[in-house]
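Contents: one structure, followed by commentary.
Quick caveat, the model's predicted, so the values are computed rather than measured.
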Amino acid sequence: MIEGWNWFDAADDVTDDVTEAITAKEIDHWQACFATDAGRQVLRDLEGQFIRASLGPAAGNAALWMREGQRGLVLQMMRLAMPKDTSQTGHAQGRKSQETSR
């Protein structure tokens with residue numbers, strides 16, 4: 001029975017199950033879709049529009065929450081589209097090389 005704050009635990013279990021299912025069984029179609037030139041361009045466009053762009057200081061809370069949801073979706077799409085063998089090391093190495101070039 002879920003009472004009080006322990007409903008967060010149940011939500012975490014569901015999220016973990018869904019993520020594992022997508023990662024284990026359904027990731028190949030994401031990679032196939034975004035491995036094309038057009039697919040990579042779509043990801044670049046989404047990254048430019050939702051990850052690298054800011055809303056500005058006058059943005060209200062609703063706009064900030066909406067943007068954070070959009071940002072989370074684009075990051076999830078980028079993660080699922082990444083080839084399996086470089087999903088962990090490639091992203092971390094890219095970030096390290098950016099930090100050291102500053």
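- Counting heavy atoms from C-beta on, the side chains of Met82 and Phe34 never come closer than 4.5 Å.
- Note: the hydrophobic cluster containing Ile51 also contains Trp30 (ILVMFWY, side chain heavy atoms under 4.5 Å, direct or indirect links).
- Scanning both residues, Leu55 and Ala63, for their nearest heavy atoms gives CD1-O, 3.5 Å.
- Put simply, the side chain of Arg52 never gets that close to the backbone of Glu47: no donor and acceptor are under 3.5 Å apart.
- Legend: side-chain hydrogen bond (donor to acceptor under 3.5 Å, both in side chains) pairs involving residues 58-70, not counting sequence neighbours, sorted by first then second residue: Arg67-Gln70, Glu68-Arg71.
- A donor-acceptor contact under 3.5 angstrom links the side chains of Gln41 and Asp45, judged on distance only.
- Taking CD from Gln76 and CG from Leu73, the interatomic distance works out to 8.0 Å, rounded to the nearest 0.5 Å.
- Summarising the geometry, atom SG belonging to Cys33 is positioned 11.5 Å from atom CG belonging to Leu80; distances are rounded to the nearest 0.5 Å.
- Taking the salt bridge (charged side-chain N to carboxylate O under 4.0 Å, His left out) definition, one finds that Arg44 meets it with nothing, sequence neighbours left out.
- Rounded to the nearest 0.5 angstrom, Met78 CE and Leu46 CG are separated by 8.5 Å.
- Across Phe50 and Val74, no two heavy atoms sit closer than the pair CD1-CG2, 3.9 Å.
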